[in-house]
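Written out below as structure tokens is the structure these notes cover.
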2 protein chains.
Amino acid sequence: MNEVICTVDTVLLTLGDDGLSVALLKREREPYKGVAALPGGYIHVDKDLDGYGAALRVLKTKTGIDVPYLEQLAAFTGAARDPRGWSVSLAYYALVPHAVIAAAGHPGVKLVGVDRLHTLPFDHGTIVAAAVERLRSKSQYSSLPCFLVGELFTLPQLQRVYEALMGEALNKVSFRRKMAELDVLEAAEGQMDASSPSRPAQLYRLRPEFRDRLGLLKRGL
Amino acid sequence: MNEVICTVDTVLLTLGDDGLSVALLKREREPYKGVAALPGGYIHVDKDLDGYGAALRVLKTKTGIDVPYLEQLAAFTGAARDPRGWSVSLAYYALVPHAVIAAAGHPGVKLVGVDRLHTLPFDHGTIVAAAVERLRSKSQYSSLPCFLVGELFTLPQLQRVYEALMGEALNKVSFRRKMAELDVLEAAEGQMDASSPSRPAQLYRLRPEFRDRLGLLKRGL
DNA sequence: TAAATAGTGTCTCTAAGACAGTATGGA
DNA sequence: TCCATACTGTCTTAGAGACACTATTTA
């Protein structure tokens, strides 16, 4: 009566050379062995406290990364999505700076621009599309994109991240007003970005109470 | 390795005398036999096409209602939420006019105001809270609350529904401007609400292309 | 001092709310 | 004719974008 296959799939997003990109791994087992797909795996009822913990474990095991932001996306369910039978995929999406993926240096991880994706196995294409839509939607009114940059960043850098996500140029004055009123950033006193051949920009960081809050809040939910 | 209990729980919301209310049923089986809880049940892999279909079936079977709006809320998961073991609850929420529940006349269904809820079994309290938050959040920028009124309604009636959901008075001119620009309503030509002792109000209905669209769109997702 | 980009002051324009007026039914 | 409520025209006010100006570094 209850022969349901229960798995976790993760959409690890970052901002690379091809714009917003997703991490794919070649599948080690059937079905679709050898095909690039989302990092995923079975729930381990003995090890995982809940779906959130399972997603953290899958990401850590398969990509070597402790993600700073992880949120449940949705459950993808049904008889048709997996040839093995009626299945539930608990889908989570994570945001991470590009440098963190490079630093982890996991061999099999391949980054593909979300606009360059070809067909993926199962309904992974649908899952990625839903994650991208969610991220873009939340980016309009939140500080989510901060998790795509490193710990220290300038406002012009952050604005370019928002613009890459939204796919349109943003007004500089409005962007800075919005950031000021969100009130989630703090200036790194005395630290400037001197890497440019022009006026250095003030460096900022996420205020500590927001650095993990967003991800942790979702655990209960 | 994969002993996961997989169920569906539904949050059926309506606008009753106590404001926004949720439908509860006394549980017929252990655990928590006889305790009021959300309508739910196991996935039937032989009958249900997917989680959405399972939620529709549960609502039809246990409350007698074909809901006009149903959307996935989230998956609630973990080792601790159900005494039977590691479980996944696919949670869906539905909106329905009060009259439809009365017409269905299912004996066991009890409506409780969401602000009057006492503790519920499992994590059903958390699930209801998440559904209410989602509905309130979506009500700010969408026509979702239209599914809480009957087929024909006046703008003043609809405004009172929005106000009951948001818990605050709304500006009449702004409300009507917003509805006009959402462009999801159509006037029922020549039909007025004559039940008041003052000037009758124009009756409106959801435009046909929106009557089911919202619910259906979510099937793929 | 010129070039380049960071950062800010201010004007304009759009959209939301306030208010008051007109419209239309019943008593 | 009066009352109650539906509906609408318009003024005011708050927020978003445009623009231009100042600031600070390297070459």
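Chain naming here is simple, since letters A, B, ... match the order of the sequence lines and numbering starts at 1 in each. All values derive from a computational prediction rather than experimental measurement.
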- Base, sugar-phosphate, or nothing for B:Pro197, non-hydrogen atoms under 4.0 angstrom? base
- Pick base, sugar-phosphate or nothing for B:Ser196, based on heavy-atom distances below 4.0 Å to the nucleic acid. nothing
- Out of D:dC7, C:dT24, C:dA6, which has the shortest distance to the side chain of B:Leu155? D:dC7
- Task: Among C:dA6, D:dC19, C:dG17, find the nucleotide with the atom closest to the side chain of A:Val173.
- Result: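 Closest nucleotide among those given: D:dC19.
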- Message: Using OP1 and OP2 only, check whether a side-chain N or O of B:Asn171 sits under 4.0 Å from C:dA16.
- Response: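 For B:Asn171, the contact criterion (side-chain N or O under 4.0 Å from OP1 or OP2 of C:dA16) is not met.
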- Query: Does the side chain of B:Ser198 get closer than 4.0 angstrom to OP1 or OP2 of D:dA6 through an N or O atom?
  - Reply: no
To the nearest angstrom, how far is [X] atom [atom1] from [N] atom [atom2]?
X	N	atom1	atom2	result
B:Gln157	D:dC7	CD	C1'	15 Å
B:Phe175	C:dA15	CZ	C1'	17 Å
B:Leu158	D:dT5	CG	C1'	17 Å
A:Lys178	D:dA14	NZ	C1'	14 Å

- B:Phe175/B:Tyr162 aromatic ring centres below 6.0 Å: yes
- Message: Any salt bridge linking B:Asp50 with A:Arg81? Criterion: basic side-chain nitrogen under 4.0 Å from a carboxylate oxygen.
- Response: no
- Message: Between A:Ser143 (side chain only) and A:Cys146 (backbone N and O only), is there a donor and an acceptor less than 3.5 Å apart?
- Response: no
- Message: Both A:Arg199 and A:Arg177 contact DNA chain C. Which one's nearest nucleotide lies toward the 5' end?
- Response: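 Of the two residues, A:Arg199 wins.
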- Task: Please tell me if the side chains of B:Val100 and B:Thr14 come closer than 4.5 Å, counting only heavy atoms from C-beta onward.
- Result: no
